[in-house]
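What follows is a short report on a single structure.
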Amino acid sequence: MRSKLTGVAAAGVLSLCATAPGFAGSVTQPGELVGIATGAPLPQGFYFVNTADWGCRDTDPKDTCVGVNIPVIAWSTPWTILGGRLQFLAAWPSIEAGVTDTNYTAGMYNPAFLGQLAWDLGGGWGFSYAIGAYFNWESSVAWSDTSLNQRFAVSYTGGGWNATANLVWGTHFDSVTDRPQTSPCPAPSLGFGCNPDFLNLDLTLTKKYGKWEFGPVAFGSWDVGNPADNFPHQNQFAVGGLVGYDFGPVILQTYVTTDVEEQNYHGHDTRGWTRVIIPLTPAPAPAPKKY
């Protein structure tokens with residue numbers, strides 16, 4: 001979970017090293033939700049999902065490399081509200097970031113907690129809405145404020161397909177902060193940290209063939225709002241491909257992405273991702289057939 005966890009951490013390292021100015025608003029990592037049918041309700045129970053990624057942005061004159069680990073505990077409860085399955089998500093990511101042969105930093109990121117309703121609309125379609133927050137955490141790679149996080153997802157999972165669009169809308173509670181953080185203000189007189197709101201869009205189109213899963217993926221992120229005059233908004237869009245395998249019940253996914261467009265990141269990012277999904281409770285027994 002990270003609204004630009006990659007871009008954010010890279011921005012922090014860039015600012016620390018005075019290599020090139022870096023600014024970013026996302027707190028949820030763009031691409032973090034790729035490969036997951038987030039619009040469909042989960043079967044009841046507890047799940048552990050760990051997404052880890054590492055990659056480098058070809059900033060000039062030296063590359064900026066960032067590694068992120070995002071452990072998530074998900075609970076799909078027995079309860080429904082307005083026909084939607086009530087689910088809870090909790091995560092506490094960690095980040096390492098560095099500029100080649102220059103500097104390195106690592107630490108814990110802002111912890112997150114969200115509640116979600118997910119509806120089975122029939123015909124393979126599902127929709128979900130989640131709301132929660134990333135909470136203020138004092139770390140060299142974390143945001144120095146708490147931010148509201150809302151997520152809207154639609155999924156089609158019929159016939160072995162996973163066609164999912166997941167929109168994340170993040171709103172910072174403090175547009176300017178008085179202590180250092182990963183998104184510095186363009187002028188020191190404005191404050192230590194400037195926090196633009198953000199939008200992330202994660203896209204998945206995969207197909208299962210037996211236990212295997214293949215398909216293209218993509219994601220984009222956009223800073224919105226103006227925490228300060230002349231704030232240089234960051235935008236990016238990346239594409240890639242995903243391969244997954246269902247070991248039953250553990251699921252493993254890997255994907256690779258690369259930027260095809262960026263603004264104010266000062267370079268394109270290429271990144272490798274790995275995800276493991278582990279049910280922590282036994283699958284519910286199938287309902288008895290009625291004759």
query: Quick one: do Leu117 and Phe127 end up in the same hydrophobic cluster if we chain Ile, Leu, Val, Met, Phe, Trp and Tyr together by side-chain heavy atoms under 4.5 Å apart?
result: yes

field: Single-linkage hydrophobic cluster Phe48~Ile36, side-chain heavy atoms < 4.5 angstrom
entry: no

Min side-chain heavy-atom separation Ile73-Pro71 under 4.5 Å: no

Set of residues satisfying ring pair (Phe, Tyr, Trp, His ring centres under 6.0 Å) with respect to Tyr255, sequence neighbours excluded: Trp273

query: Within a strict 4.5 Å, meaning less than it, do heavy atoms of the Asn195 and Pro227 side chains meet?
result: no

Beyond-backbone contact of Asp58 with Asp63, side-chain heavy atoms, under 4.5 angstrom: yes

task: Can you measure from CD (Gln116) to CG (Leu89) and round to the nearest 0.5 angstrom?
output: 5.5 Å

- prompt: Is the side chain of Thr204 donor-acceptor paired with the backbone N or O of Gly35 at a distance under 3.5 Å, no angle test?
  reply: yes

field: Partner set under ring pair (Phe, Tyr, Trp, His ring centres under 6.0 Å) for Trp169, not counting sequence neighbours
entry: none

- request: Taking atom types as modelled, find out whether Asn166 and Thr38 have a side-chain donor-acceptor pair closer than 3.5 angstrom.
  value: yes

field: Spacing of OG1 belonging to Thr80 relative to CD belonging to Gln87, to within rounding of 0.5 Å
entry: 11.5 Å

query: CD1 of Ile278 to CG of Asn50: how many Å apart, nearest 0.5 Å?
result: 8.5 Å

field: Sidechain-backbone polar pair: Trp92 side chain, Tyr109 backbone, donor-acceptor under 3.5 Å
entry: yes

field: Tyr104 with Trp54, same ILVMFWY side-chain cluster at under 4.5 Å
entry: no

field: Qualifying salt bridge (Lys or Arg N to Asp or Glu O under 4.0 Å) pairs, either residue in residues 240-260, two or more places apart
entry: Arg57-Asp259

- prompt: Under the 3.5 angstrom rule, does the side chain of Thr274 hit a backbone N or O of Ala52 as a donor-acceptor pair?
  reply: no

query: Which pair of heavy atoms, one from Gly55 and one from Arg271, lies closest together, and at what distance?
result: N-NH1, 3.1 Å

message: Given Pro196, which partner from the list Val224, Asn226, Asp223 fulfils the side chain to side chain contact (heavy atoms under 4.5 Å, CB included) test?
response: Asp223

query: Where is the tightest heavy-atom contact between Pro30 and Asp202, given as atom of each residue plus distance?
result: C-OD1, 4.1 Å

Euclidean distance, Leu33 CG relative to Phe219 CZ, rounded to 0.5 Å: 11.0 Å

- prompt: Would you say the side chain of Leu252 lies within less than 4.5 Å of the side chain of Val250, judging by non-hydrogen atoms?
  reply: no

message: Tell me every residue that passes ring pair (Phe, Tyr, Trp, His ring centres under 6.0 Å) with Tyr209, counting only those two or more places apart in sequence or in another chain.
response: none

- prompt: Under 3.5 Å, is there a donor-acceptor pair between the side chain of Ser221 and the main chain of Asn200?
  reply: no

- prompt: Any idea which heavy atoms bring Ser155 and Thr164 closest together, and the distance?
  reply: OG-OG1, 2.7 Å

field: Audit row: Leu42, Arg85, side-chain contact (heavy atoms from CB on, under 4.5 Å) steps and yes/no
entry: CA-CA 8 Å; Leu42 287 166; Arg85 177 69 57 192; over 6 Å; no

task: List the steps and the verdict of side-chain contact (heavy atoms from CB on, under 4.5 Å) for Thr59 and Tyr265.
output: CA-CA 8 Å; Thr59 49; Tyr265 277 100; over 6 Å; no

message: With a 4.5 Å cut-off on side-chain heavy atoms, are Phe198 and Val168 touching?
response: yes

- prompt: Quick one: OG1 on Thr206 to CZ on Phe214, what's the gap to the nearest 0.5 Å?
  reply: 10.5 Å

field: Closest heavy-atom pair and its distance - Thr171, Asp197
entry: CA-OD1, 3.4 Å

- prompt: Residues two or more places apart in sequence or in another chain: which of them pass side chain to side chain contact (heavy atoms under 4.5 Å, CB included) with Thr77?
  reply: Trp75, Trp79, Leu86, Phe88

field: Residues that Asp174 engages under salt bridge (charged side-chain N to carboxylate O under 4.0 Å, His left out), provided they are two or more places apart
entry: none

- prompt: So do the side chains of Trp137 and Asn110 get within less than 4.5 Å of each other, counting heavy atoms only?
  reply: yes

field: Heavy-atom pair with the smallest gap, counting every atom of Met108 and Ser94
entry: SD-CB, 3.8 Å

task: Decide yes or no on side-chain contact (heavy atoms from CB on, under 4.5 Å) for Asn149 and Leu114, but give the supporting numbers first.
output: CA-CA 8 Å; Asn149 197 266; Leu114 298 97; 3.6 Å; yes

Verdict with supporting geometry, Glu32 and Thr51, side chain to side chain donor-acceptor pair (under 3.5 Å): CA-CA 7 Å; Glu32 172 193 340; Thr51 303; over 6 Å; no

- request: In sequence, state the C-alpha distance, the side-chain angles, and the governing distance for Ser175 and Phe231, and then conclude on side-chain contact (heavy atoms from CB on, under 4.5 Å).
  value: CA-CA 12 Å; Ser175 59; Phe231 186 86; over 6 Å; no

- prompt: For the side chain of Trp119 and the backbone of Leu82, is there at least one donor-acceptor N/O pair under 3.5 Å apart?
  reply: yes

query: What's the shortest heavy-atom distance between Ser76 and Pro43, and which atoms?
result: CB-O, 3.3 Å

query: At what distance, to the nearest 0.5 angstrom, does NZ of Lys207 lie from CG of Asn162?
result: 11.5 Å

query: With side chains defined as the heavy atoms from C-beta onward, is the minimum distance between Val154 and Trp125 less than 4.5 Å?
result: yes

- prompt: Any side-chain heavy atom of His266 within less than 4.5 Å of one from Asp60?
  reply: no

query: Does one hydrophobic cluster hold both Ile251 and Val49, with members joined at side-chain heavy-atom distances below 4.5 Å?
result: yes

field: Aromatic plane relationship, Trp212 with Tyr245 - under 30° parallel, 30 to 60° tilted, over 60° perpendicular
entry: perpendicular

